[in-house]
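Naming: A, B, ... by sequence-line order, numbering from 1 per chain. All values below come from the heavy atoms of this structure, side chains included, with hydrogens, waters and symmetry mates left out.
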2 protein chains.
Amino acid sequence: MARRSATAAAVCEELSLSYVESPTRCGTCAIRHKAICAALCADEISALNRLSRRRSVPAGQTILGEGEAHTIFANIVSGVVKLTKTLDDGRQHIIGLLFASDFLGRAFRRDNPYFAEAATDVELCIFPAAGFEKLLPDHPGLEHRLFQFTLSELDACQEWMLLLARKRAEERVASFLLMIAKRVPNMDCLHTENPGGVRFQLPLSRAEISDCLGLTIETVSRQMTRLKTKGVIELVNYREIVIPDIRALQQAAYEASPA
Amino acid sequence: MARRSATAAAVCEELSLSYVESPTRCGTCAIRHKAICAALCADEISALNRLSRRRSVPAGQTILGEGEAHTIFANIVSGVVKLTKTLDDGRQHIIGLLFASDFLGRAFRRDNPYFAEAATDVELCIFPAAGFEKLLPDHPGLEHRLFQFTLSELDACQEWMLLLARKRAEERVASFLLMIAKRVPNMDCLHTENPGGVRFQLPLSRAEISDCLGLTIETVSRQMTRLKTKGVIELVNYREIVIPDIRALQQAAYEASPA
DNA sequence: CCCCCCCTTTGACCCAGATCAAAGTTCACT
DNA sequence: AGTGAACTTTGATCTGGGTCAAAGGGGGGG
């Protein structure tokens with residue numbers, strides 16, 4: 001097991017996948033992400049512990065309504081949260097996915113420009129926004145970390161814009177699967193004999209995937225079939241996927257090979 | 001003139017356009033944006049003044065190469081900067097535009113994931129990154145402002161994702177023109193008799209607009225013609241545009257009226 | 001003042017992906 | 001286990017916008 005993980009870690013390193021042996025959780029405080037905690041002093045940690053409160057949200061439930069004054073700021077402990085925007089006539093798009101260790105909500109903002117919903121069962125560690133914000137000014141280290149996270153979010157968002165603007169359907173689907181493979185935290189399910197292979201559950205339905213990629217359900221389905229035919233992916237069932245060789249998927253994500 | 005501007009301001013308010021009488025420049029320090037300066041103390045302002053340095057960049061010149069370790073952090077004094085990303089095979093997309101008072105560069109980051117180029121003649125107020133970053137930890141107010149700006153950038157980026165994923169060509173072009181109308185700072189050119197009307201120069205060529213919208217040059221051109229035919233816009237020449245009624249444009253930006 | 005180059009528009013045709021329709025799976029619930 | 005509803009796949013057809021090609025402007029330089 002340890003040996004297998006070591007191999008997996010090496011493969012992930014080589015392929016610039018962000019391999020996570022087990023999700024990083026700080027032993028001392030309520031926050032999921034060790035990096036945050038590293039920036040905090042003991043006082044801050046105990047203050048956060050006093051503030052925080054756990055909440056479980058079943059799949060499909062709304063966490064935060066679009067345009068609602070938002071009152072929570074939370075760290076995601078497990079599960080996947082989807083952030084969506086909708087045009088008046090119903091056309092909708094998923095503008096972001098949040099995974100374990102990500103933050104939901106915006107410090108110092110009273111409105112939220114999107115709709116947040118649990119895509120899978122989600123466990124949250126909630127900080128009431130008001131109390132949290134009172135804490136922040138005295139602890140610039142914490143705000144600095146959040147700032148850096150927001151910059152990463154912006155990077156991801158801009159990368160995704162390139163996908164939406166210029167990639168073909170097959171590349172989009174491959175890119176999506178790659179992104180999920182990178183972020184689904186439990187990578188213990190890497191193939192034993194095949195160190196480059198991964199097996200995982202899709203956190204989204206086909207309809208949600210199409211809302212992520214700016215495509216229709218049918219196109220997503222067809223492209224999945226296409227990738228399956230090419231041998232790039234295997235479908236265990238609708239939700240469970242095996243990627244025999246991540247490199248092939250990476251190639252599919254960046255090459256528009258017509259015919 | 002004052003009266004006309006007052007009307008214009010009222011109209012912009014009504015239409016939720018960000019009307020700017022004249023670009024906000026702080027009288028005391030080198031930074032373009034008064035809001036930033038409001039967060040600074042006298043020490044900070046003089047420190048920034050010592051750090052900053054002016055630079056003019058002619059249209060078309062590269063300011064920052066993609067992937068280059070970046071060494072500058074700058075406030076844009078005038079002109080428009082475009083940020084682009086490119087796929088290996090040459091497909092390219094403009095992921096963002098920066099206008100007067102915006103910031104270019106990322107504090108505490110050593111790499112930049114995009115390519116920055118002057119779209120028009122640009123005047124920059126440059127802070128060498130190293131010196132600037134040394135200043136930041138002692139002045140959390142400044143970092144707080146930058147954080148808030150980054151959140152706004154993220155908002156804009158997510159809004160744009162919805163455009164790329166779900167809007168039709170005509171809506172995209174209308175949305176683009178609306179965005180430019182909102183951000184081109186010199187709005188003194190509002191129509192005298194027609195308070196809802198605006199006249200301005202496009203900072204981008206058709207090719208650049210198509211790279212913004214995930215379309216081709218031809219489609220952008222066709223949709224511009226279409227909007228002209230409908231009377232939503234008037235083309236003075238290739239670069240100069242008159243919008244007789246902003247409301248009509250706003251409607252075109254959100255309604256996919258097929259035929 | 002004219003010419004040339006580059007940007008833009010217009011036209012003709014095509015195709016990737018949307019739309020419409022129907023059949024096949026999966027899984028929760030009785 | 002049986003049943004139904006929701007999700008997914010597959011097929012047939014259509015179309016918005018891409019591609020290829022050629023004909024206008026506009027503006028800077030001679």
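- Not one N or O on the side chain of His93(B) forms a donor-acceptor pair closer than 3.5 Å with the backbone of Lys85(B).
- Between Lys228(B) and Glu234(B) there is no salt bridge, since none of the side-chain N atoms of the basic residue sits less than 4.0 Å from a carboxylate O of the acidic one.
- The NZ-C1' distance, from Lys228(A) to dT9(D), rounds to 9 Å in whole Å.
- To the nearest 0.5 Å, atom SG of residue Cys157(B) and atom CD1 of residue Ile95(B) are 7.0 Å apart.
- Side-chain to base pairing of Arg222(B) with dG11(C): one donor and one acceptor N or O lie within less than 3.5 Å of each other.
- For Arg206(A) and dT25(C), the CZ to P distance is 15 Å, given to the nearest whole Å.
- Listed by chain and number, the residues in a side-chain hydrogen bond (donor to acceptor under 3.5 Å, both in side chains) with Ser175(B) are Lys167(B) (sequence neighbours excluded).
- The distance from atom OH of Tyr238(A) to atom P of dA5(D) is 17 Å, rounded to the nearest whole Å.
- Between Ile233(B) atom CD1 and dT9(C) atom C1' the separation is 13 Å, expressed in whole Å.
- Considering only side-chain N and O atoms, Thr216(B) lies nowhere under 4.0 angstrom from the phosphate OP1 or OP2 of dG17(D).
- A heavy-atom distance below 4.5 Å is found between the side chains of Leu98(A) and Leu83(A).
- Looking at Arg226(A), its side chain has no donor and acceptor atom pair within 3.5 Å of the base of dT10(D).
- Here dC6(C) presents its P atom at 16 Å from CZ of Arg239(B), a figure rounded to the nearest Å.
- With hydrogens and angles left out, the side chain of Glu218(A) and the base of dC20(C) share a donor-acceptor pair within 3.5 Å.
- Rounded to whole angstrom, the span from the CG atom of Leu213(A) across to the P atom of dA18(C) amounts to 10 Å.
- Between Thr225(A) and dT10(D) there is a side-chain polar atom (N or O) within less than 4.0 angstrom of OP1 or OP2.
- Note on Ser221(A): a base of the nucleic acid sits closer than 4.0 angstrom, heavy atoms only.
- Between the CD atom of Glu170(B) and the P atom of dG16(D) there is a distance of 12 Å, given to the nearest Å.
- Residues Gln223(B) and Val236(B) both approach DNA chain D. Their nearest nucleotides, taken by heavy-atom distance, put Gln223(B) toward the 5′ side.
- Rounded to whole Å, the distance from CG on Leu235(B) to P on dC7(C) is 18 Å.
- Side-chain nitrogen and oxygen atoms of Thr219(A) include at least one within less than 4.0 Å of the OP1 or OP2 phosphate oxygen of dA18(C).
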